[in-house]
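To start, the structure itself, in structure tokens.
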Amino acid sequence: MRVFSSHKELLKSLDSSKLVGLIPTMGSLHKGHLSLVDRALIENDQIIVSIYVNPTQFNDINDLKKYPRNLDRDLDKLKHYKDIFIYTPSDKDLYQEVISKKYDLDNLDKILEGKFRPGHFDGVATIVEKLFNIFSPDNAYFGEKDFQQLSIIKIMIKKLSINVNIISCETIREPDGLAMSSRNKNMTEEERLIAGQINKFMLKVKEIYKKTKIYKIPDNIIDDLKNLKNCQLEYFEIDNLSKYSSFLKDEGDRIFVACWVGKTRIIDNMTLK
Ligand code: PAF
């Protein structure tokens with residue numbers, strides 16, 4: 001692996017006549033990220049893993065401060081991938097001024113995560129657009145755990161006519177069903193056990209949906225989730241994001257959930273197909 005903190009230096013080593021795959025990350029890598037790297041390695045000649053905690057997508061400065069960072073551990077996890085480029089920029093290498101651009105994202109940035117994290121998706125779109133413009137990847141890999149983010153990126157590239165294939169990759173889960181996330185390591189043992197229950201609530205809804213095609217999560221299930229110790233629910237909804245934008249394919253209804261377990265914010269989603 002070759003590590004670069006300057007995009008200009010990285011570009012000098014990249015052969016643009018070959019297929020380039022990009023995996024944007026904010027570090028604190030886990031098996032979910034590594035599954036993206038594995039897939040990208042199969043589908044591209046060269047791959048770039050970016051590791052950058054992007055300040056403009058944090059609407060809460062304390063969240064940005066406590067976002068887990070450990071570059072040495074990340075590089076250790078990637079070291080057995082011989083032929084990959086790692087991009088670990090400073091703010092300066094990406095931003096002249098650390099602010100978001102404003103995007104028209106067909107209002108998909110105003111619901112679910114957007115409602116609870118105002119400005120978040122402008123920040124995500126800003127950094128992802130920058131990375132696409134710098135590296136011109138053929139393929140870019142994102143996890144379905146952030147399904148709304150994935151949809152926002154699909155809208156952004158269509159609106160800006162950026163030529164890249166967005167590859168969505170299945171959420172990787174812990175044995176108890178909790179979606180892998182860099183934030184999981186902030187939880188205490190007790191909180192971690194509670195967080196493991198969230199997946200069971202989604203599976204329960206999926207079972208009911210199969211039989212009755214509900215569009216609203218039954219109140220008793222919402223109440224049970226709210227009553228979990230240490231769990232503060234933000235949303236638990238069924239939606240089909242394709243109804244917000246003509247740039248999205250209809251992938252059917254999904255469950256979306258966000259809650260705080262202790263001081264850790266957890267988001268997840270599941271297809272109801
Ligand atoms: O999903 C993430 O880790 C981030 O939102 C991303 C796509 C790397 C942009 O900073």
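Both ligands and their constituent atoms are indexed starting at 1 by order of listing. Start at 1 with the first residue, then count along the sequence.
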Glu9/Lys12 salt bridge by N-O under 4.0 Å criterion:
yes
Residues Asp176 and Arg173 bridged, charged N to O under 4.0 Å:
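Here Asp176 does not pair with Arg173 in a salt bridge, since their nearest N and O are not under 4.0 Å apart.
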Taking the six-membered ring of Phe247 as reference, does the cationic atom of Lys154 (NZ for Lys, CZ for Arg) lie under 6.0 Å from its centre and within 45° of its axis?
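Here Lys154 fails the 6.0 Å and 45° test against Phe247.
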Give a yes/no verdict on a cation-pi contact between Arg183 and Tyr67, requiring under 6.0 Å between NZ or CZ and the six-membered ring centre and an angle within 45° of the axis.
no
Proximal protein residues to ligand 1, non-hydrogen atoms under 4.0 angstrom:
Pro24, Thr25, Met26, Asn54, Gln57, Ile127, Phe142, Asp146, Gln149
Please walk me through it: do Tyr87 and Phe135 pass ring-ring contact (aromatic ring centres under 6.0 Å, His included)?
CA-CA 11 Å; Tyr87 175 51; Phe135 296 117; 5.1 Å; yes
Give me the other members of the hydrophobic cluster that Ile86 sits in, counting Ile, Leu, Val, Met, Phe, Trp and Tyr linked by side-chain heavy atoms under 4.5 Å, directly or via other members.
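Once heavy-atom contacts under 4.5 Å are chained together, Ile86 belongs with Met1, Val3, Ile23, Leu29, Leu34, Leu36, Val37, Leu41, Ile47, Val49, Ile51, Leu71, Leu75, Leu78, Tyr81, Ile84, Tyr141, Ile167.
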